[in-house]
Amino acid sequence: MKKKDLKEIHALIIGDEILSGKRQDKHLNYLTKKLNSHGLSLKKAEFISDDLKLITEAIKENKDSILFCFGGIGATPDDCTREAAAIANNMTLKIHPEAKKAIEERFGKDTYPKRILMAYLPENCSLLKNVVNNVPGFSIDDHHFMPGFPEMAWPMSDWIILNHYRDLSLNHPKKLDLSIWLDNVSESLLIDVMHKINNEYKNVKTYSLPRLKPSKTLELGVKGDNSEVKEAMKALKNNLKDLSINWKDT
């Protein structure tokens, strides 16, 4: 098994506008669904501000993971992801010849003096094609840096998954998620049963997702390795029977 196959997949979403509530993040939901469609899953996601030190530290902390990073690669003063990626990898920022060419082809004379700043990338990085305006994202090994605009970033992330990690799931246990619905049942009644299932089946995790409106309902589920989830759900239902708790299959 390759070392890359053992890495967790993390996401880093950058932008003061998200943390301030001026804009709503869309990347996390999209990336999660796209990974799941390929039998992969996200292990961790972080939201951080446009701060050079914080971004640099976050990249360093993810050095052993596959990282999808969204935002902060533009040319304005608050865009510092390019510099952070260079610092975190002990690289210098240099004009990338291919990035320079792509930006010039898109903007012509308007490339200068400011748009050319987006061609300053960590040395020896590889480019990610931008299908919207030709200003590329970039990758350093398993770290991938994309714009904050979904219409630009999502085709990049799709390409990354298909070309680098499509076969990653072959070396991972198949995952399964099964759940049932309970009406008018308090979570406190389920805690001991959930602990029991978690202890008996080491490769699964139980979860509870309550809803209060329009009526009090609760989704009770088991997720984890395909080999154990069905047996764990069967055991969970047997325990609910013992407690005289009824359920509905999803």
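All values reported here derive from a predicted model rather than from experimental measurement.
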Here the pair of heavy atoms bringing I103 nearest to P136 is CG1-CD, 4.3 Å
Would a single hydrophobic cluster contain both I116 and L127, if residues Ile, Leu, Val, Met, Phe, Trp and Tyr are joined by side-chain heavy-atom contacts under 4.5 Å? no
Review point. Does CD in E105 sit with more than 12 non-hydrogen atoms of other residues, nucleotides or ligands closer than 6.0 Å?
Key: yes
Whether over 12 other heavy atoms sit under 6.0 Å from K44 NZ: yes
When M233, K230, K234 are each screened for side chain to side chain contact (heavy atoms under 4.5 Å, CB included) with V222, the one that passes is M233
- Between K7 and D142, is there a side-chain N and carboxylate O pair less than 4.0 Å apart? yes
- Query: Would a hydrophobic clustering, with Ile, Leu, Val, Met, Phe, Trp and Tyr connected at side-chain separations under 4.5 Å, put F138 with M146?
  - Reply: no
- Query: Going by distance alone, is a donor N or O of one side chain under 3.5 Å from an acceptor N or O of the other, for S208 and E187?
  - Reply: yes
All heavy atoms of I73 vs all of G137, minimum pair found to be CD1-CA, 4.0 Å
Closest non-hydrogen contact found for M91 with E123 is SD-O, 3.3 Å
Next item on the list: Would you confirm whether D51, through its side chain, and K53, through its main-chain N or O, come within 3.5 Å as a donor-acceptor pair?
Entry: yes
Taken to the nearest 0.5 Å, the spacing of M156 CE from L128 CG works out to 6.0 Å
Item to complete: Hey, can you tell me if W154 and H27 have their rings parallel, tilted or perpendicular (30° and 60° cut-offs)?
Response: perpendicular
All heavy atoms of L243 vs all of L189, minimum pair found to be CD1-O, 4.1 Å
Worksheet entry | F149 with I160, same ILVMFWY side-chain cluster at under 4.5 Å | no
Checklist entry - Will you find, in the side chains of D225 and Y201, an N or O donor that is under 3.5 Å from an N or O acceptor? => result no
Original post:
Heavy-atom distance under 4.5 Å between the side chains of W247 and K237, does that happen here?
Top reply: yes
message = Strictly distance-based, threshold 3.5 Å: is any side-chain N or O of N90 a donor or acceptor partner for the main-chain N or O of A86?
response = no
Tightest non-hydrogen contact, residues K34 and D158, listed as CE-OD1, 3.2 Å
TODO: Decide whether S179 and E219 meet the rule of one side-chain donor and one side-chain acceptor closer than 3.5 Å.
DONE: yes
Query raised in the report: What do you reckon, is CG of D141 surrounded by more than 12 foreign heavy atoms closer than 6.0 Å?
Result: no
Rounded to the nearest 0.5 Å, the CG atom of D50 sits from the OG1 atom of T76 at a distance of 8.0 Å
Of all heavy-atom pairs linking R82 and G74, the shortest is NH2-O, 2.9 Å
Scan side-chain atoms only and decide if Y30 and D25 contain a donor-acceptor pair under the 3.5 Å cut-off. no
dist K202:NZ -> N199:CG (nearest 0.5 Å) comes out at 5.0 Å
Judged by modelled atom types alone, do K205 and N198 share a side-chain donor-acceptor pair under 3.5 Å? no
#### Entry: Carboxylate-amine/guanidinium proximity below 4.0 Å for K22 and D16
no
- Message: Is there a continuous path of hydrophobic side-chain contacts, each under 4.5 Å between heavy atoms, that joins I14 to L93?
- Response: no
Check your understanding: Parallel, tilted or perpendicular for F68 and F70, by the 30°/60° rule?
Key -> parallel
Using the ring centroid of each side chain, check whether H144 and Y165 are separated by less than 6.0 Å.
yes
- Task: May I ask you to decide if L40's main-chain N or O and H38's side chain share a donor-acceptor pair within less than 3.5 Å?
- Result: no
The test is side-chain hydrogen bond (donor to acceptor under 3.5 Å, both in side chains); show your working for K216 and S186 and say whether it passes. CA-CA 9 Å; K216 185 177 179 180; S186 297; 3.1 Å; yes
Practice prompt. Classify the side-chain pair Y112/E104 by whether it contains a donor and acceptor separated by less than 3.5 Å.
Written response: yes
Value for CG (L190) from CD1 (I245), rounded to nearest 0.5 Å, stands at 5.5 Å
inquiry  = Is the shortest side-chain heavy-atom distance between E8 and L42 below 4.5 Å?
reply    = no
- Query: Are N133 and N130 linked by a side-chain donor-acceptor pair shorter than 3.5 Å?
  - Reply: yes
Are I59 and L54 joined in one hydrophobic group, where the rule is that I, L, V, M, F, W and Y side chains link up if heavy atoms are under 4.5 Å apart?
-> no
